[in-house]
Amino acid sequence: MKITVLISRLLLGALYLVFGLDYFLHFIPYQPPLHPGAAGVFKAGLVAAGYFYPMQKTIQVLGGLSLLINRYAPLSAVVLFPISLNVFLFHTLLAPEAWQMGAILLLPNLLLGWGYWKYYKSMFIQKAAA
C-alpha cells in the first residue's frame, strides 16, 4: 500500500501541477478542443463566469505542489477530489471521446483516499457532539 500511495501521490501531484501551471504560463502547445452540445455550453459557462478557471487552476497548482512535496497531502487529496470527479464526469458524460483523462485523475485520487483512510475516518461521524 505504501508504494501505491507514493505512486498515486506523485502522479496526481505532477498532473495537477503541470496542467495548473499551463493555464497561467501556456507552455504546452495544443489547441483546446471545441466541445459540441452540452459540453460546450458547460465549458462556456465556466469561462464566462470569469473567476472559475483561475480559482480552479490555483487550487490545482497548490494541491499538486503539496502532493509532490508530501506536505498536507491528505488535505490536498480531499481538496482535489471534487476536481478529479468533475473531470471524470465531464469526460465520461459530456465528452466521452476523452474519458481516459478523467480516469487517469480519478483513480489515483481514489487510491489516495483509500491509503489515507486513517486520516479521514474521524470525519465520518454520524452525529457530532457539540
Side-chain angles (χ1 to χ4, degrees):
M1 190 62 196
K2 212 174 198 182
I3 299 296
T4 302
V5 168
L6 176 67
I7 292 169
S8 297
R9 183 174 56 77
L10 293 176
L11 174 64
L12 197 64
L15 286 170
Y16 273 124
L17 180 63
V18 167
F19 287 105
L21 284 175
D22 181 60
Y23 175 80
F24 297 109
L25 304 176
H26 309 289
F27 53 84
I28 299 175
Y30 70 96
Q31 187 74 320
L34 296 174
H35 298 290
V41 172
F42 178 73
K43 191 168 181 181
L46 295 177
V47 170
Y51 75 91
F52 186 80
Y53 275 111
M55 175 195 66
Q56 179 188 13
K57 298 303 182 174
T58 300
I59 292 168
Q60 287 180 358
V61 169
L62 295 174
L65 278 172
S66 171
L67 291 174
L68 288 173
I69 65 172
N70 199 21
R71 296 292 181 258
Y72 303 104
L75 174 63
S76 292
V78 167
V79 170
L80 291 171
F81 182 76
I83 298 172
S84 297
L85 182 60
N86 190 54
V87 170
F88 176 75
L89 292 173
F90 178 86
H91 284 297
T92 54
L93 301 176
L94 298 176
E97 62 278 356
W99 66 269
Q100 299 90 345
M101 188 59 201
I104 288 170
L105 285 175
L106 188 59
L107 181 62
N109 218 156
L110 288 171
L111 290 170
L112 286 177
W114 183 35
Y116 292 148
W117 178 250
K118 65 183 175 188
Y119 304 112
Y120 302 146
K121 66 182 174 183
S122 65
M123 292 190 299
F124 290 88
I125 302 298
Q126 187 174 12
K127 187 173 180 183

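Quick caveat: nothing in here was measured; it's all calculated off a predicted structure.
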Under the 4.5 Å side-chain heavy-atom rule for ILVMFWY, direct or indirect, which residues accompany Ile3?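 When side chains under 4.5 Å apart are linked, the cluster holding Ile3 also contains Ile7.
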Would you check if [X] and [Y] make a side-chain contact, meaning some heavy-atom pair closer than 4.5 Å?
X: Val79; Y: Leu62; answer: no
X: Leu106; Y: Val87; answer: no
X: Ile28; Y: Phe19; answer: yes
X: Ile59; Y: Tyr16; answer: no
X: Leu68; Y: Leu10; answer: yes
X: Tyr53; Y: Val47; answer: yes
X: Thr58; Y: Tyr23; answer: no
X: Trp114; Y: Met1; answer: yes

Whether the side chain of Tyr120 engages the backbone of Pro74 through a donor-acceptor N/O pair (distance < 3.5 Å, no angle test) should be reported.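 Yes, the answer is positive, given that a donor and an acceptor are paired below the 3.5 Å cut-off.
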Could you report the tightest heavy-atom contact between [X] and [Y], atom names first, then the distance?
X: Val5; Y: Gly115; answer: CG2-CA, 3.6 Å
X: Ser66; Y: Ser76; answer: OG-OG, 2.7 Å
X: Phe88; Y: Ala103; answer: CD1-N, 3.7 Å

To the nearest 0.5 angstrom, please state how far the [atom1] atom of [X] sits from the [atom2] atom of [Y].
X: Gln60; Y: Phe24; atom1: CD; atom2: CZ; answer: 9.0 Å
X: Ile83; Y: Lys57; atom1: CD1; atom2: NZ; answer: 8.5 Å
X: Asn86; Y: Gln56; atom1: CG; atom2: CD; answer: 7.0 Å

Check the pair Leu112 / Leu80 against side chain to side chain contact (heavy atoms under 4.5 Å, CB included), numbers first and verdict last. CA-CA 11 Å; Leu112 286 177; Leu80 291 171; over 6 Å; no
